[in-house]
Structures are given as C-alpha cells and as structure tokens.
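To start, the structure itself, in structure tokens.
If you're wondering where the values come from, they're calculated on a predicted model, not measured in any experiment. Starting from 1, each residue takes its place in the sequence as its number.
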Amino acid sequence: MADKSTESEAPAEAATDSPTGAPEQPNPTLPEGFTELDRRAIDTARVLAMDAVQKTGNGHPGTAMSLAPLAYLLFQKHLKHDPSEPNWVARDRFVLSPGHTALTLYTELYFSGYGLELDDLKALRTWGSRTPGHPEVGHTTGVETTTGPLGQGVGNAVGMAMAARRERGIWDPTTDPSADSLFDHTIWAIASDGDMEEGISGEASSLAGTQQLGNLVVVYDDNKISIEDDTTVAFTEDVGKRYEAYGWHVQHVADGEDLASLDAALTAAKAETGRPSLIVMRTVLAWPAPNKQNTGAAHGSALGDDEVAATKEILGFDPAQTFEVADEVIAHTRKVIERGQAARAEWQPRFDAWRSANADQAALFDRMTTRTLPEGWADALPTFDADPKGMATRKASGAVLAAIYPALPELWGGSADLAESNNPAVEGEPSFLPSVHQTKMWSGGPYGRTLHFGIREHAMGSIMNGIALHGGTRVYGGTFLTFSDYMRPAVRLAALMQLPVTYVWTHDSIGLGEDGPTHQPIEHLAALRAIIGLDVVRPADANETAVAWRTILEHDDRPAGIILSRQNLPIVDRAEFGSAEGTAKGAYVLAEASSGTPEVILMSTGSEVQIAVAAREQLEAAGTPTRVVSIPCQEWFAEQDQAYRDEVFPPSVKARVSIEAAIAMGWRDFVGDAGRIIGLDHYGASAPYTKLYEEFGLAAEAVVAAARESIQAASAGTGLSAGGDVVGGLHTQRTGDQK
C-alpha cells in the first residue's frame with residue numbers, strides 16, 4: 001500500500017518528570033467527538049480494575065488503570081471491529097502483549113458488547129470464569145491470542161501482520177499493492193516494559209522492520225515500573241531509538257492521559273503504511289491512586305481498601321460502592337456495536353462483488369477460512385523407491401513440500417536462516433519480501449511464499465503462532481532440533497492454543513556428526529514429548545516422511561514437529577516390510593517375526609530404525625522370532641484404540657528393546673519392567689556419524705545383547721536388572737566417561 005504518512009513525529013512534547021520519576025499530569029484534552037461521558041467511561045474502567053483485583057485478592061490493577069485511556073480510545077474509535085460478528089475477516093486485530101493486565105482487555109470487551117458482563121469482571125481469576133488471569137484465545141470471545149509470557153504477543157502481532165499481507169496476496173492478487181483492498185486491516189498491539197526487555201520482542205520487531213509491515217501499530221506503555229519497582233535497575237536504553245534503527249516509524253506521547261495527543265498519534269500511525277509504527281507512550285502506573293501510583297506494589301497486588309476508596313474519591317465515584325457502572329456509561333460504550341455493524345454493512349457489498357467476480361479465489365477463501373484441505377490433494381504426495389543407500393529425511397521432506405505446493409496455496413514457510421540445511425524452500429517459489437530487500441539468491445515480492453525468519457528461532461515460533469491465529473494459512477518453520485530450545489515458550493503456547501503450526505526440526509541426533517555436542521540433540525525428544533498437545537514425529541525413511549507430512553496437515557487442531565535426519569537413511573523396501581501408511585497411526589509393525597509370534601519386540605524411531613532391522617536379522621538367524629516396530633509418533637499411537645495398540649504390542653510379549661539416540665526418558669512405558677532401553681545418557685562428540693554410533697554402542701550387536709537379556713528377564717519374571725537400563729550399548733555411564 002502507498003505511504004500516506006507525514007514525517008511529523010511526537011504529537012506531544014516530551015514529558016517533564018517529577019521528583020518521583022513520574023511525568024507531571026497536565027489537564028488532558030479530549031479528542032474530537034469525545035465528551036465528558038467518554039472520560040467518565042475511562043474512569044469507570046479504572047474503578048473496575050481496582051474493584052476486580054480487590055475482590056479476588058490478587059491480580060494487576062496498576063497497568064489496567066493507566067492503560068484505560070488508550071484501550072478505550074482504541075476500541076471506541078480506532079479499532080475496526082464488530083462485536084456482533086467477532087470473526088469478521090476484515091476486522092482489525094488487537095493484541096495485549098502484557099497479558100497480566102488482562103483487565104485492560106476484559107473491561108473493553110465488556111464495554112463493547114462482546115458478551116462479557118459485570119459478573120464476569122467480578123469473577124476475575126476464579127474457577128470456570130471467562131476472565132482468567134491472563135487472556136486465553138478460544139476461551140473468551142474477543143481475545144485474539146493467549147498472552148502471558150512477555151514478548152510473545154509482540155511476536156504474535158508481527159505474525160498477524162505478515163499473514164494479513166500474505167492472505168491479501170492469495171485472495172486479491174490483482175489489486176495494485178499500492179491501492180486499498182477489502183482485505184486490508186490493521187494489527188494493533190500494546191507492549192509493556194517487560195515485553196520490550198524480553199529478547200523475543202526485539203527479534204520479531206527487527207524482522208517487522210525488514211518486512212516493512214505498515215499494517216502493524218504497537219503502543220509501548222513506557223511506565224518504567226515492574227515488580228522490582230523502578231526499571232532503571234535493569235532497563236535503561238532508549239527504546240524509541242532502538243525501533244528507529246529497526247526501521248520503524250516512531251512517535252512519542254508524553255502523557256498517556258492526554259487523549260487528544262494520543263488520538264493524533266494513533267491516526268498518524270495508521271496512515272503510515274510503509275513501515276511498522278511504534279508509539280512510545282509515557283504513563284503513570286495506577287494513576288491516579290494517591291499513595292501507590294508509580295510503585296512496584298501497584299503492579300501485581302491489590303491496592304487495599306483504603307487506597308481504593310481514596311482513588312474513587314479523586315475520580316468522583318462513591319467509595320462505598322463496588323463495580324459502579326452508570327447506565328448511561330454502558331449504553332454509550334455499547335454504541336460501538338452499531339458503528340461496527342455499519343462498517344461491516346459498508347464492506348459486505350464490496351466483498352459480495354469480489355466473490356461474484358473471483359470464483360476461484362472465493363472458493364479458496366471458503367476453504368482456507370474453514371481450514372479445509374482440497375479434494376485429492378494427497379494424490380500429489382511422492383513415493384520413493386527402495387534404496388539401501390537411502391536419502392536424508394530432510395531431503396525427502398523438501399521433495400514432499402515441492403510436490404504438494406501446487407495443490408495447497410495456503411501452505412508457506414521457511415527457516416531460521418537454514419534453508420540449505422532444513423530444505424523448507426521450494427525451488428521457483430518467490431520470497432515473502434519487500435522489493436528493496438530482495439537479493440540475487442532470493443527474489444519475490446510482498447505476497448511471496450518463502451519466509452526468511454533470520455537467525456531468530458524464538459521469534460519464528462511466536463510469529464508462526466500469529467500467522468496461524470490470524471487466518472487459514474498453514475505455516476511451517478525450520479531450524480536444527482537442538483535449537484528447538486530457543487523456541488520452547490512459543491511451542492508450548494502453540495500447543496496451549498491448539499494451533500496447526502509445523503516445526504521442521506532437522507539434524508535430529510548425533511547422526512549430524514562433525515558439528516559436535518553443541519549441535520547434537522540428546523534430551524530434546526523427551527523434552528518435546530513432554531509438551532502436552534504437541535505431536536513429535538520422527539520418520540524412519542523417505543516414505544514415512546511423506547505420510548508424516550500428510551497426517552500433520554490433516555490435523556488442524558494442534559502443532560507438530562517433524563524431526564528429520566541430516567544423514568542418509570535407507571529407504572525401506574515396502575514389498576518386504578510393512579507399509580509406510582502405518583506412520584499415520586503413530587506406530588506399526590515394520591518387520592514381523594518369522595514365526596508370526598514374536599519372542600522379542602524391537603522398537604525404534606527415525607535414524608535408529610535401521611539398527612533395529614539389522615539386529616532382527618541377527619536374532620532371526622539365531623532362531624529368535626523378532627518383530628520390529630517403527631514408532632514415528634508416540635502421540636498418534638496413543639490416540640489409537642486399545643485393540644490396535646495390543647495388536648502392535650501384544651501384552652503377552654514382555655521381552656522388548658527400544659533404540660533411540662537420545663535419553664531413555666519416556667521409553668519405560670513401552671518396554672515394561674523386563675524391557676531394555678538403548679539410548680544415550682551423555683553428550684555427543686565431533687566425528688563422522690558412523691564413528692559416533694560405533695563408539696557409543698548404538699549398533700545391532702548391542703541391540704541383540706539387550707534383546708537376549710530382556711528375554712531372560714521376561715522368562716524369569718525378574719523385571720529390571722540390577723545394572724539398570726542398557727545405555728549407549730553399555731550399562732549406565734556418566735558424562736565424563738563417554739570417551
């Protein structure tokens with residue numbers, strides 16, 4: 001879109017700080033169209049914040065009090081929304097990154113008519129209420145994302161802004177990018193000092209500047225107070241200058257109570273469509289509480305009866321009343337419903353005309369907004385011929401993406417600067433980039449499909465969440481498995497929000513070889529499996545990889561991580577072994593015992609399945625009927641009925657061995673008391689992967705020995721051996737003994 005902004009910065013003069021560090025409070029002016037009734041509504045929001053926290057006995061009143069003017073101005077004037085149709089596709093999005101000030105959002109949802117009522121505010125932070133301690137998407141109507149861990153909301157907002165641009169490019173590609181589209185809208189976000197301190201916000205904001213996201217406006221609540229009181233003890237940089245360096249349009253509002261100046265800044269920010277906008281707004285925490293304003297005590301604790309009463313007197317409210325809302329105030333604030341309906345009514349004929357004129361895009365719109373996959377899309381999935389030399393599953397994943405891209409225009413993604421390693425980029429697909437930032441290697445445009453997150457794994461995770469929250473596209477992002485640690489808070493939130501994002505985590509084990517222990521994941525599979533609601537998928541060959549991608553995309557209610565190898569893995573001959581279709585069930589019989597009834601079951605995932613197959617050959621040759629089970633996804637297997645689980649793991653077969661180049665945690669449930677677990681309880685080393693597997697005992701011979709030990713234990717009914725699990729091909733060893 002065209003840059004409609006002026007270069008005028010700072011609609012208000014810089015604040016003059018008082019001896020306490022708080023800005024002096026002038027008599028604020030009201031924006032055009034506002035009356036004293038609007039001011040009364042803002043003060044009502046402050047009173048409700050105090051009363052709600054006081055009633056429940058805990059919470060965060062201070063920020064909700066000082067943010068009341070901004071939040072009210074946004075919801076009543078600047079936010080394009082219709083409370084009677086909360087999912088209107090053309091609505092603006094609002095992200096409250098400091099989720100601790102949930103009352104800021106809950107009060108405006110109550111004022112605006114999203115379904116919250118006064119009793120909901122009274123039930124703040126209580127069992128079964130619609131007003132939990134931090135906002136939760138899907139739980140409370142009008143909440144666009146789950147926030148709480150600071151900085152995540154900023155990343156979500158950046159992702160939403162990116163998704164909005166991409167979706168416009170999918171649905172309305174013929175409209176000139178410099179002209180308005182009926183799918184255009186603004187992403188508004190509030191960020192706090194804590195958000196700005198967390199590194200994730202800087203990562204995401206840096207990318208937003210590079211992407212020139214002119215549809216993104218962030219208001220930074222610069223109150224300089226946190227739980228440890230004055231932020232000067234830890235946070236002193238000029239945030240506005242930092243964002244100018246990121247390439248943002250930056251304005252300053254000296255006093256968050258000055259609605260006229262704040263209104264002018266919001267208007268200017270929305271007009272700036274060539275860059276993301278930051279408004280640095282100075283506020284006084286808990287204004288106008290006479291004794292606790294501008295203190296850490298007001299950040300996360302009830303103000304106390306005396307302070308609440310004194311503040312109500314200052315605001316002209318009856319100290320004896322609680323949750324006081326004048327009828328004329330709520331009637332006035334709920335007029336936003338009429339304004340929202342009018343805006344949607346004006347938009348609807350334009351949308352109807354677009355639908356009539358663009359049948360293909362309209363069909364795609366309907367499919368994407370319901371996250372419905374097209375008929376026959378899976379027919380494009382490749383199959384791979386058996387090959388003992390094999391293929392790295394990361395390479396197979398790239399081939400799968402290239403094959404299904406034409407059928408799934410909603411699918412897009414990239415990596416944290418690891419395209420050559422993760423194989424997420426499809427050849428010939430344009431990059432999602434402003435024209436000024438295209439390179440010889442990566443060309444594209446504002447609506448491109450290949451994402452470049454830069455070396456920003458944590459931001460990548462939260463941006464992907466924002467993309468998924470915004471609409472119907474399906475996004476994926478890649479990095480090395482060991483760096484999933486950098487992403488973990490965002491991954492956990494994706495699971496909590498049940499978002500269908502996909503993580504392409506490659507270099508899955510010590511099998512990556514020479515890069516050494518810093519890059520070789522050991523504990524990561526267990527740590528990721530511990531995240532409730534995350535599917536952890538580790539395919540054993542190229543065909544399992546294809547079925548894994550299909551199954552991941554068929555799920556629209558959860559995130560998934562697909563764990564891929566750097567080294568080549570044999571492509572299993574499916575004429576001899578079980579069908580890769582078993583991948584979709586999480587575990588399946590890859591190789592059956594020669595007698596049909598196994599004496600021992602070998603189970604494995606990913607890179608180590610070939611070791612189990614080789615061990616089976618030795619055991620069968622020695623007369624021991626042996627079954628091999630591939631377990632690409634424990635979570636999918638847990639969803640199968642008991643009959644299928646017993647079919648794969650007959651309860652009568654107690655002798656079992658698991659093999660995975662990772663810590664043993666989680667495998668005892670599969671192998672049972674008589675079983676043996678072959679894994680690692682130490683870090684890796686720098687050497688060719690074949691040498692590492694040999695030195696650490698991850699070999700067929702170790703599996704055979706463990707199988708015989710398990711058979712003996714199962715026969716004797718002795719359960720766990722005194723020596724413990726078999727780890728690294730030897731009995732348990734410590735990190736210092738690994739070489």
Is it true that Trp171 and Trp354 have ring centroids separated by less than 6.0 Å?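 Judged by ring-centre distance (under 6.0 Å), Trp171 and Trp354 do not meet the cut-off.
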
Between Phe94 and Trp188, is the ring centroid distance below 6.0 Å?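 When the ring centroids of Phe94 and Trp188 are compared, they turn out to be at least 6.0 Å apart.
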
Under 3.5 Å, side chain of [X] to main-chain N/O of [Y], donor-acceptor pair present?
X: Thr322; Y: Asp51; answer: no
X: Ser129; Y: Ala123; answer: yes
X: Asp92; Y: Leu79; answer: no
X: Asp238; Y: Lys241; answer: yes
X: Thr283; Y: Leu285; answer: no
X: Trp248; Y: Ser205; answer: yes
X: Ser201; Y: Glu198; answer: yes
X: Thr147; Y: Gly153; answer: no
X: Glu203; Y: Ala459; answer: yes
X: Thr44; Y: Val325; answer: no

Does the side chain to side chain contact (heavy atoms under 4.5 Å, CB included) test come out yes or no for Phe432 and Arg165, once each step is laid out? CA-CA 9 Å; Phe432 182 84; Arg165 194 171 86 195; 3.1 Å; yes

Hey, does [Y] have a side-chain heavy atom less than 4.5 Å from the side chain of [X]?
X: Glu136; Y: Val143; result: no
X: His458; Y: Gln152; result: yes
X: Trp347; Y: Val89; result: yes
X: Leu70; Y: Leu266; result: yes
X: Pro288; Y: Leu315; result: yes
X: Leu124; Y: Leu103; result: yes
X: Asn156; Y: His470; result: no
X: His249; Y: Pro276; result: no

Looking just at side-chain N and O atoms, do [X] and [Y] make a donor-acceptor pair shorter than 3.5 Å?
X: Thr186; Y: Asn215; value: no
X: Ser181; Y: Asp172; value: yes
X: Tyr220; Y: Asp195; value: no
X: Asp120; Y: Thr131; value: no
X: Arg46; Y: Thr311; value: no

Calculate, to the nearest 0.5 Å, the distance between atoms [atom1] and [atom2] belonging to [X] and [Y] respectively.
X: Thr369; Y: Asn87; atom1: OG1; atom2: CG; value: 10.5 Å
X: Ile187; Y: Met162; atom1: CD1; atom2: CE; value: 12.0 Å
X: Leu150; Y: Met196; atom1: CG; atom2: CE; value: 11.5 Å
X: His252; Y: Ser261; atom1: NE2; atom2: OG; value: 13.5 Å
X: His332; Y: Leu37; atom1: NE2; atom2: CG; value: 4.5 Å
X: Leu216; Y: Arg93; atom1: CG; atom2: CZ; value: 13.0 Å

Strictly below 4.0 Å, N to O, side chains only: are [X] and [Y] in salt-bridge contact?
X: Asp352; Y: Arg350; result: no
X: Arg39; Y: Glu36; result: yes
X: Glu144; Y: Arg91; result: yes
X: Asp184; Y: Arg168; result: yes
X: Asp43; Y: Arg40; result: no

Verdict with supporting geometry, Glu328 and Arg334, salt bridge (charged side-chain N to carboxylate O under 4.0 Å, His left out): CA-CA 10 Å; Glu328 60 269 24; Arg334 296 226 168 145; over 6 Å; no

For atom [atom1] of [X], decide whether the heavy atoms of other residues, nucleotides or ligands shown that lie under 6.0 angstrom number more than 12.
X: Ile314; atom1: CD1; result: yes
X: Asp557; atom1: CG; result: yes
X: Asn58; atom1: CG; result: yes
X: Glu32; atom1: CD; result: no

Pairs meeting criterion side-chain hydrogen bond (donor to acceptor under 3.5 Å, both in side chains) with involvement of residues 70-82, two or more places apart: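 Only Asp38-Tyr72, Gln76-Arg339, Lys77-Asp263, His78-Asp263, His81-Tyr114, Asp82-Ser84, Asp82-Arg344 qualify under side-chain hydrogen bond (donor to acceptor under 3.5 Å, both in side chains).
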
Can you classify the ring geometry of Tyr246 versus Tyr243 as parallel (below 30°), tilted (30 to 60°) or perpendicular (above 60°)?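 Ring orientation of Tyr246 relative to Tyr243: perpendicular.
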
How are the rings of His299 and His100 set relative to one another: parallel (under 30°), tilted (30 to 60°) or perpendicular (over 60°)?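 Plane angle between 30° and 60°, so tilted.
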
Test of understanding: with side-chain hydrogen bond (donor to acceptor under 3.5 Å, both in side chains), list the residues that count as partners of Asn465, not counting sequence neighbours.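 Scan of Asn465 (side-chain hydrogen bond (donor to acceptor under 3.5 Å, both in side chains), adjacent residues dropped) gives none.
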
Indicate the atoms forming the closest heavy-atom contact of Thr333 with Ile330, along with that distance.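 Closest heavy-atom pair between Thr333 and Ile330: OG1-O, 3.2 Å.
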
Looking only at heavy atoms, which two atoms of Ser301 and Ala297 are closest? And how far apart?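 Scanning both residues completely, I find the closest heavy atoms to be CB-O, 3.4 Å.
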
Considering the options Thr63, Thr104, Thr101, Asp193, which one meets the side-chain contact (heavy atoms from CB on, under 4.5 Å) requirement together with Asp221?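 Among Thr63, Thr104, Thr101, Asp193, the one that satisfies the side-chain contact (heavy atoms from CB on, under 4.5 Å) with Asp221 is Thr63.
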
Do Arg355 and Asp366 pass the salt bridge (charged side-chain N to carboxylate O under 4.0 Å, His left out) test, and can you show the C-alpha distance, the side-chain angles, and the key distance before you say yes or no? CA-CA 10 Å; Arg355 178 182 282 281; Asp366 292 339; 2.8 Å; yes

Before you tell me yes or no, could you show the steps for Phe75 and Tyr110 under ring pair (Phe, Tyr, Trp, His ring centres under 6.0 Å), namely the whole-Å CA-CA distance, both residues' side-chain angles and the distance that decides it to 0.1 Å? CA-CA 11 Å; Phe75 273 79; Tyr110 161 56; over 10 Å; no

